[in-house]
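One-based numbering, in listed order, for ligands and for the atoms of each. Below, each value reflects all heavy atoms present in this structure, side chains not excepted, and no hydrogens, waters or symmetry copies.
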Amino acid sequence: MSNKIIVGSEEWCALPGLGIKAIKARVDSGAKTSSIHAINISTSKREDGTWVSYEVHPLQGGRKVALLCESKLIDRRVIKSSNGETEKRYVVREQLQLGEQSWEIELTLTNRANMGYRMLLGREAMGSKILVDPSSTCCLGEMSDDEAKELYGHVEVPRSGLKIGLLASNPNLYSNQRIIEAGQQRGHEMYFLNVKQCYMKLDASQPEVHYRDGRILNDLDAVIPRIRPSMTFYGCALTRHFESLGVMALNTSEAITRSRDKLFSLQLLQKNNLDIPTSGFANSPADTTDLIDMVGGAPLIVKLLEGTQGKGVVLAETRKAAESVINAFKSLKANLLVQEFIKEAQGKDLRCFVIDGKIVASIERTAAPGEFRANIHQGGTASLVQISPEERKLAIKAAKTMGLEVAGVDIIRSSKGPLLLEINSSPGLEGIETATGIDVASAMIDSIEKRLGWKKETA
Ligand SMILES: Nc1ncnc2c1ncn2[C@@H]1O[C@H](COP(=O)(O)OP(=O)(O)OP(=O)(O)O)[C@@H](O)[C@H]1O
Ligand SMILES: [Mg+2]
Ligand SMILES: [Mg+2]
């Protein structure tokens, strides 16, 4: 008993044979086997038997330190995890170092990305060497995450570029082509992923995203969701799944979902004291008269909540016209918003492209003659514009309020000052890059690099 090591409920240990100098293990005598977080697992046959190679991210909360490991495969075993799920896992044998002592243990390989610890030390590995004091932690020494990271200083991922997936529908679209091109130019591996061809495995210990061609997409560093409105539900579910695998999403599923609901967005903006055109929303045609008064009477704008590209936005010039349009839409069970018409904007609006809390480019859009909608899809034209400090502030605050890293903020210039029209989570690049000559696609990639702490290697 005297020479047993006393450990707490968590301990820093090392697996020298794998180059793992520090990994924090959950000590759990309730579990039989030990396991380590491993992804991209593959096996190969050699003269001396089967080997398994895998990637380990030994530090919690990131993939910055990634180690390619290889071990001889000693078994495949069905393991029941703490949540009662069973999973067939590879088993390897490696030297464990705990404090001053070291001995061989068996480890199963599994994706622990969503677990609190990258390693689990079970009772089989403890043998007769360990006494657990569950009331204490790190009995063999504390280490900060930064100190642990420093130990890996020289092995930090020797990769040249990031693996970035573009979640979209049409590879021939200008915006998608530009994003792929900008990523490749900056040295990244870019993958166009058709949202419809991705599918998900929901599993507490080993969630996955599969692609129809047989690939498993768990090892991406980031995804850029460019989800078309008709794919919002599936696209957001997919983005959320990537997020749960630890893959960074340039715009989060939560923010995209939020921005796709026009009414909810306006309420959120209003709640945060951001100016919007006075708008009304009602359930019953019985309230149409008052609804029209609420926004200052005709002329007024009627907007279908589901519309994009200017479709579903109608200008009702007179009170009579407004009443019939509203009641007609209502009878079709369409959700609509009534909005004051900003006549003085004269068919113009501003599109500010916000990335990472900064405006990277802005344009003014002017509606085609006889049209009040400035959308490019409705024949609007883009031109250079100087935006005021107030407009700049409004756009940045709007993107922040929506929680969008990348946002196309539409502002209309009214006699009361700038008003927010809407915030788009997949703003198009063609109009804005062509009019301004600014490389917006690269700015998007740059934002991913910054957030992942990636720097181009200098030869
Ligand atoms: N209240 C308003 N007053 C004047 N013009 C407006 C008003 N609301 C919208 N417009 C014009 O109609 C265009 C389309 O409106 P909005 O952006 O709300 O619709 P959308 O269908 O969501 O378009 P998008 O393709 O940008 O998502 C705006 O760009 C603007 O030019
Ligand atoms: Mg819209
Ligand atoms: Mg718009």
Side-chain angles (χ1 to χ4, degrees), residues 173-175 226-232 251 256 258-267 269-270 274-281 291-292 294-317 322 325-326 329 334-354 362-383 385 391 395 398-399 402 404 406-432 435:
L173 216 63
Y174 175 94
S175 300
R226 300 281 300 182
I227 296 158
R228 55 167 60 162
S230 61
M231 288 299 289
T232 300
N251 272 337
I256 301 169
R258 202 184 288 147
S259 74
R260 287 288 156 93
D261 183 335
K262 281 191 194 199
L263 182 63
F264 183 77
S265 303
L266 286 178
Q267 287 174 319
L269 296 171
Q270 166 216 273
L274 297 171
D275 290 327
I276 52 170
T278 304
S279 309
F281 186 68
L291 204 62
I292 294 175
M294 250 166 45
V295 300
L300 56 75
I301 298 279
V302 179
K303 280 185 196 182
L304 291 179
L305 290 190
E306 284 80 30
T308 68
Q309 302 180 346
K311 292 173 226 154
V313 181
V314 179
L315 170 63
E317 310 251 15
V325 170
I326 295 169
F329 278 151
N335 275 319
L336 57 89
L337 197 75
V338 176
Q339 197 165 73
E340 67 172 310
F341 175 49
I342 310 300
K343 190 166 188 255
E344 61 275 24
Q346 296 181 320
K348 290 180 199 274
D349 72 0
L350 302 175
R351 160 60 62 90
C352 303
F353 208 110
V354 181
S362 320
I363 45 170
E364 181 174 63
R365 299 181 299 192
T366 305
E371 171 61 65
F372 75 97
R373 295 166 298 180
N375 303 63
I376 308 280
H377 284 98
Q378 298 297 336
T381 51
S383 56
V385 69
E391 288 159 350
M402 300 301 296
L404 290 167
V406 172
V409 181
D410 292 349
I411 292 177
I412 193 159
R413 286 173 161 165
S414 82
S415 52
K416 296 178 278 186
L419 304 175
L420 288 166
L421 277 184
E422 64 164 352
I423 329 287
N424 294 283
S425 60
S426 299
L429 300 183
E430 187 165 13
I432 204 152

Side chain, backbone, both or neither: K348 near ligand 1, heavy atoms under 4.0 Å =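 Answer for K348: neither.
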
query = How does I342 reach ligand 1, by side chain, by backbone, by both or by neither, if only non-hydrogen atoms under 4.0 Å count?
reply =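 Both backbone and side chain of I342 come within 4.0 Å of ligand 1.
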
Check against side-chain contact (heavy atoms from CB on, under 4.5 Å), L421 and D349 = CA-CA 9 Å; L421 277 184; D349 72 0; 3.9 Å; yes

For [X], take its heavy atoms, then give the atoms of ligand 1 lying under 4.0 Å from any of them.
X    : value
F341 : 3 (N), 4 (C)
V313 : 15 (O), 19 (O), 21 (O)
D410 : 26 (O)
K262 : 19 (O), 20 (P), 21 (O), 22 (O)

inquiry  = For atom 24 (P) of ligand 1, which of the options H377, E344, R351, E422 provides the nearest non-hydrogen atom?
reply    =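 Heavy atom nearest to atom 24 (P) of ligand 1 belongs to E422.
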
key: Candidate with minimal heavy-atom separation from atom 2 (C) of ligand 1, of L337, I301, V295   = I301

query = Does I412, backbone or side chain, put an N or O under 3.5 Å from an N or O of ligand 1?
reply = no

task = Give yes if a backbone or side-chain nitrogen or oxygen of N375 is under 3.5 Å from a nitrogen or oxygen of ligand 1, and no if not.
result = yes

query = Mind checking whether Q378 has a heavy atom under 4.0 Å from ligand 1?
reply = no

ask   = Charged N to carboxylate O under 4.0 angstrom, K303 versus E422?
value =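 Salt bridge between K303 and E422, a charged N being under 4.0 Å from a carboxylate O: no.
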
query = Any N/O/S of E422 under 2.8 Å from the Mg ion (ligand 3)?
reply = yes

inquiry  = Just to verify, what does A395 make a side chain to side chain contact (heavy atoms under 4.5 Å, CB included) with, not counting sequence neighbours?
reply    = C352, V354, I359, V409, I411

key: Side chain to side chain, L337 and L266, heavy atoms closer than 4.5 Å   = yes

inquiry  = Any heavy-atom pair between the side chains of R258 and L404 that's under 4.5 Å?
reply    =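 Heavy-atom side-chain distance check fails, nothing below 4.5 Å.
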
